[in-house]
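The analysis underlying the following values was restricted to heavy atoms, covering all of them including side chains, and did not include hydrogens, waters or symmetry mates. Keep in mind that what you see is a predicted model, and the values were worked out from it rather than measured.
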2 protein chains.
Amino acid sequence: MDQGNTGDGDLFGEEARSVELLWGERAGPSRGPKPGLTLAAITAAAIEIADTEGPAALSMQRVAKTFGFTTMALYRYVPGKRELVALMVDTAIGPPPDLAAVPGGWRPRLAEWAMRFWAALVRHPWATRSTAGHRALGPNELGWMDAGLRALEGTGLTGAERLDTLALVTSYVRGMAQQTVTVAGGPAGTDEHAMAKMIAGLVHRYGDRHPAVTAALAEAAAVPEAQETGLRYGLDRILDGLARLIDSRRHPERS
Amino acid sequence: MDQGNTGDGDLFGEEARSVELLWGERAGPSRGPKPGLTLAAITAAAIEIADTEGPAALSMQRVAKTFGFTTMALYRYVPGKRELVALMVDTAIGPPPDLAAVPGGWRPRLAEWAMRFWAALVRHPWATRSTAGHRALGPNELGWMDAGLRALEGTGLTGAERLDTLALVTSYVRGMAQQTVTVAGGPAGTDEHAMAKMIAGLVHRYGDRHPAVTAALAEAAAVPEAQETGLRYGLDRILDGLARLIDSRRHPERS
DNA sequence: TAGAACTGTGTATAACATAAACCAATTGCT
DNA sequence: AGCAATTGGTTTATGTTATACACAGTTCTA
């Protein structure tokens, strides 16, 4: 464990390098031969690979080969694979949306935020996979956080509530994106179908043990729903629940 | 791609073996030497390793070593690591809860389900990590699904709505568990703190670019909240939103 | 112009999953 | 009882992975 100095707003060791890269804080070197690569180019190539061939196909060798360089050449730009993935995630998510133009207050604003976040996630399925757990936060991701919290300004919610609200929406959208998303390495879109087929197969065999699943599936099978319908359904429930809280803050007498 | 026969309720290839293992469908062999290991023992050992040393430390060699066996010995019991992980996940989640005794209708029942699911997930942080994406469903996991759907019986929701509702709650709880969870390999409990510290550090440096994050954090910093408060907050919003929908189904005249 | 800093390469290592061949133990069948 | 089929565990081997280290060539600066 390399802790190093843990100053006030300081980051320690491994993470510090990640943050430096993510936030573009490396001093531009002047001496030495011209670099044949760019951080942006490397990141873009890595994203391209992960998008088309799946996250399992992403290796340092694979990325280096697309440039005709040796594997080790990449280590002149990136400290390690972890950091590269962090870069990939933040780049893939992209800059946060500007929701100032969305009319109608917090509700359509937060909804728009959620739908755009979802779109960004399903565009790069591996991002949700790699996002799990503790890792350095990139500027884009922090920007998304800020945009989401901005949608909640003026709602009367406390700071903690606003943060928890964003965690609620984020967790939900991320989770849905994970489930919607493709198989590792396979073409997009297949997964939902395969998953449904597998569940159907299991229910067909062991359905008697799981009556509630069987019943719900049977009833739902009659009316197939569109791709985003499920996401919208949950989002509306969340927004309704939020509306209730926000209204109760504005009209405390109604309880 | 080994598709094989894709019958009606049939599963194909690689997945079929996973399902067989998960659902305990292997014919007990009679001839040959006595097995020195058990699927259950192997799974338990693997879980122990993942729990204490993190998912990164889980390797076939590491598992085999705990029994004093060769790595390859494991392959007599498990087709591969993927299948072992699937077993681990289903075992770690454990049998579904019986919520019949919970009084008060769907709302406390679903809440209880969510809290227990959350508890099961945070007990084994790696489970949420491995659960991502397409994989074989185990009996315990399907049991949890059934228990959750059962809580929604009699609510007047359609089959599709009940499924979407469960997806909503599951996605949220899973997402929260992921964020709450420990660093890979590190001791549990550190993560939340480290994450908060990192965000604080970033805001300290780049806060001016992210006023909403800064404001929310500053406001929230005054009143530190308990571990499960965040989870409960979002859950209550979801339940409120659901209640609105369910009520509107019962009293259609009120809009 | 000499040296320092930097880039890309070649080589090496350790960990990993897993395949194939092999021996020994056990049991069912004859 | 004995043989053959079956299975468990080991040995050995292969291909892939990330990444450390030393070196050669390049370019800027003092």
Side-chain angles (χ1 to χ4, degrees), chain A residues 2 13-14 17-18 20-21 26-43 45-46 49-50 53-88 126 130 135 184-185, chain B residues 2 13-14 17-18 20-21 26-43 45-46 49-50 53-88 126 130 135 184-185:
Chain A
D2 52 338
E14 205 176 306
R17 270 179 305 180
S18 241
E20 273 178 32
L21 280 178
R26 49 195 194 126
S30 50
R31 277 184 279 202
K34 292 172 191 170
L37 295 175
T38 331
L39 245 191
I42 293 175
T43 307
I49 292 171
E53 303 171 46
L58 182 77
S59 70
M60 299 303 260
Q61 11 259 337
R62 182 74 188 72
V63 174
K65 200 169 64 177
T66 65
F67 296 105
F69 279 16
T70 323
T71 306
M72 290 312 294
L74 295 182
Y75 287 87
R76 295 287 172 198
Y77 300 85
V78 177
K81 195 184 182 181
R82 273 193 89 78
E83 288 79 1
L84 175 56
V85 172
L87 272 171
M88 289 170 61
W126 44 267
S130 316
R135 87 199 175 293
Chain B
D2 52 339
E14 205 176 306
R17 271 179 305 181
S18 241
E20 273 177 33
L21 281 178
R26 49 196 192 126
S30 51
R31 277 185 275 203
K34 292 172 192 169
L37 295 175
T38 330
L39 246 191
I42 293 174
T43 308
I49 293 171
E53 303 172 46
L58 181 77
S59 70
M60 298 303 261
Q61 11 257 337
R62 183 74 187 71
V63 175
K65 200 169 63 177
T66 65
F67 296 106
F69 280 16
T70 324
T71 307
M72 291 310 295
L74 296 183
Y75 286 86
R76 295 286 173 196
Y77 300 85
V78 176
K81 196 184 181 183
R82 272 195 90 77
E83 288 80 2
L84 175 56
V85 172
L87 272 171
M88 290 169 62
W126 44 267
S130 316
R135 86 198 176 292

B/Met60 CE to C/dA19 P, straight-line distance once rounded to whole Å: 10 Å
Selection: residues 63-73 of chain A, any non-hydrogen atom under 4.0 Å of DNA chain D: A/Thr71, A/Met72
Between C1' of C/dC16 and CZ of B/Arg62, the distance in whole Å: 15 Å
Rounded distance in Å - CD1 (B/Ile42) to P (D/dG8): 11 Å
Length of the line joining B/Leu39:CG and D/dG8:P, which is rounded to integer Å: 11 Å
Any A/Lys81 side-chain nitrogen or oxygen under 4.0 Å from OP1 or OP2 of D/dA18: yes
B/Arg76 vs B/Leu37 side-chain heavy atoms within contact, under 4.5 Å: no
Close side-chain approach of B/Ser59 and B/Ile49, heavy atoms under 4.5 Å: no
A/Gln61 side chain near D/dT16 phosphate (N/O to OP1/OP2, under 4.0 Å): no
Test item: A/Leu84 and A/Met60 side chains (from C-beta on) under 4.5 Å apart, heavy atoms: yes
Atom of B/Ser18, atom of B/Glu83 and distance for their closest heavy-atom approach: OG-CG, 3.3 Å
Value in whole Å for how far the C1' atom of D/dA18 lies from OH of A/Tyr75: 5 Å
Whole angstrom value for the distance that separates P of C/dT7 from OH of A/Tyr77: 6 Å
From CD1 (A/Ile42) to OH (A/Tyr77), nearest 0.5 Å: 6.0 Å
Distance (rounded to the nearest 0.5 Å) between B/Gln61 CD and B/Leu74 CG: 9.0 Å
Side chain proximity check, A/Arg62 to A/Thr66, heavy atoms < 4.5 angstrom: yes
Donor/acceptor link under 3.5 angstrom from B/Arg31 side chain onto base of C/dG28: no
A/Arg82 CZ - D/dT17 P separation (whole Å): 19 Å
Selection from C/dG28, C/dA21, C/dT26 that lies nearest to any side-chain heavy atom of B/Pro33: C/dT26
Position toward the 5' end of DNA chain C (nearest nucleotide), B/Leu58 or B/Ser30: B/Leu58
Nucleotide C/dA5, atom P - distance to NZ of A/Lys34 in whole Å: 21 Å
